There are 2 protein chains.
Amino acid sequence: MTAPPPDPDSGADDAPAEEARRARDPQRTRSEILDVATGEFSANGFAGARVDEIAAKTRTTKRMIYYYFGSKQGLYLAVLERAYATIRSLEQQVDVEHLDPVAAIRQLSELTFDHHESHPDFIRLVGIENIHEAKHLAESEVLPGLSQPAVSVIGRILDRGRAEDIFRDDVDALDVHMMISAFCVFRIANRYTFNTVFGRDLLDSRLRGHYRTMLGDMVVEYLTSR
Amino acid sequence: MTAPPPDPDSGADDAPAEEARRARDPQRTRSEILDVATGEFSANGFAGARVDEIAAKTRTTKRMIYYYFGSKQGLYLAVLERAYATIRSLEQQVDVEHLDPVAAIRQLSELTFDHHESHPDFIRLVGIENIHEAKHLAESEVLPGLSQPAVSVIGRILDRGRAEDIFRDDVDALDVHMMISAFCVFRIANRYTFNTVFGRDLLDSRLRGHYRTMLGDMVVEYLTSR
DNA sequence: AGTTGAATTAACTAGTTCGTACATTACTCT
DNA sequence: AGAGTAATGTACGAACTAGTTAATTCAACT
């Protein structure tokens, strides 16, 4: 039996007193472990990541990892959950109401493009989780209900576009989400093999603008055709 | 010092005599190891796959794996190389010359769609290799020169389409290849997390036709716009 | 038949890796 | 101040894993 885990969120009122001291700061210890673990898991996969290595890169010890997260799997799940929680804010940023449908869908595409580019760790974690057929993610209790907003934003854009009779009506919001994600994820996730096999770095900064507009064009042209 | 590895391809004339007997068949032993290893690596990742487990699922022993492939990495690379070699035949099947550009690019899209759907192992291996930043693949000596045909087929289609003035001219063959692959790969690779998060199985057989035409439409509409 | 070398098998080893038992320190509340 | 609890450090071990040593079997050739 391990000691009972502490309260995950015991008040956000972190006393700003004594910045220099670092002892006894569970909040910070927890998040520091998660930060390091995110990097290690995304770089080495679940089996490839080493608990000892994660501990070594932290200012705490391995004991703390087990104290807070119980097991390697528990830590991995916590990393996944935090990563998914981070992404949910994306779709909310789209200014759906004040843009016409075409501009809105293009903005959504570009926001997704930017977000994925700046969160490669998340994409790798998702890839790793898919190798394991999402069996860890399936056990998460905080995940459900995290995705509705993402889809409903797209749904509203589609509805408006159809009301104006400029969007095709044989796809739903999830299809569009998939289409955009596929493009953005592939560019990040398959960067290395693509470069090795075809000799082109999809993340070359000179190509960034090209691929960004290419994505927007692709989605818009597809939706407005017919 | 290990014994020198045998000739990888010493004649394909397998004597059909004595089907029942299985002793002393290096050709077969080798390929059986590769078959099992492909499954194990794609299911568990490089670090997660167990050499003992691979050996156990074969009719040979672990020593044979080291005899033929030298190391776990050597086996993994051999698996990768064989998987990539399998895929190269795809683009050759497109009937570029006898179809108009639009029909040709649609056929290519659908062939890619079908191929990826029937080779999930390959896609998972590529994903795993990307987690390791393609460092294993980079050491392959048989890989270079395997990808040109794939791209040149698309290049010829694009050229014809532009000669007829029906294709846009701000993308090259690699871009189109990327666009098609992204869609097909995402559908397979992210199947599990997508289903867990959004509750839709991208590989549901009832959705297959929908996504297949969606891909073709997407590529064609994009290329023919403007 | 006898020799040679490739193919195969079983048992072993040296090094990791996750997880824990136990001891200790800091903080909080009365 | 003192008791009780939360947080942390150290050291260790049981289980596992990649890779090896060494002995054995088989097939082909002379």
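Keep in mind that what you see is a predicted model, and the values were worked out from it rather than measured. Computation of the quantities below employed the complete heavy-atom set of this structure, encompassing side-chain atoms and omitting hydrogens, waters and symmetry-equivalent molecules. Lettering of chains follows the sequences in order, A, B, ..., and the numbering in each one begins at 1.
Contact check of residues 43-51 of chain B against DNA chain D (heavy atom, cut-off under 4.0 Å) returns B:A49, B:R50, B:V51.
When side chains are defined from C-beta on, A:R30 counts as touching A:F69, because their heavy atoms get closer than 4.5 Å.
Between the B:Q107 side chain and the B:D95 main chain, a donor and an acceptor come within less than 3.5 Å of each other. B:R187 places a side-chain N or O within 3.5 Å of a backbone atom of B:L202 that can act as its donor or acceptor partner.
Taking atom CZ of residue A:R63 and atom P of nucleotide C:dT20, one finds them 9 Å apart after rounding to whole Å. Following rounding to the nearest Å, B:E32 (CD) and C:dT8 (C1') show an atom-to-atom distance of 14 Å. The distance from atom CE of B:M64 to atom P of D:dT20 is 14 Å, rounded to the nearest whole Å. To the nearest angstrom, C1' of C:dG19 lies 17 Å from OH of A:Y67. One can place CD1 of B:I65 at 14 Å from P of C:dA10, the figure rounded to the nearest angstrom. Here the P atom of nucleotide D:dT20 and the CG atom of B:D52 are 14 Å apart, to the nearest Å. Protein atom OH of B:Y66 is 17 Å distant from nucleotide atom P of C:dA10, rounded to whole Å. Rounded to an integer number of Å, the gap from NZ of A:K72 to P of D:dC16 is 15 Å.
With salt bridges taken as basic N to acidic carboxylate O contacts below 4.0 Å, none links B:D35 and B:K57.
Residue A:T61 has no polar side-chain atom (N or O) positioned under 4.0 Å from OP1 or OP2 of D:dT8. Residue A:T29 has no polar side-chain atom (N or O) positioned under 4.0 Å from OP1 or OP2 of D:dA7.
With hydrogens and angles left out, the side-chain atoms of A:T193 and B:E129 include no donor and acceptor closer than 3.5 Å.
Listed by chain and number, the residues in a side-chain hydrogen bond (donor to acceptor under 3.5 Å, both in side chains) with B:T60 amount to none (sequence neighbours excluded).
Identified under the salt bridge (Lys or Arg N to Asp or Glu O under 4.0 Å) test for residues 188-206 of chain A, with sequence neighbours left out: A:R191-A:D201, A:R200-B:D172, A:R200-B:D175, A:D204-A:R206.
When distances are taken from the side chain of B:K62 to each of C:dT9, D:dA18, C:dG19, the shortest belongs to D:dA18.
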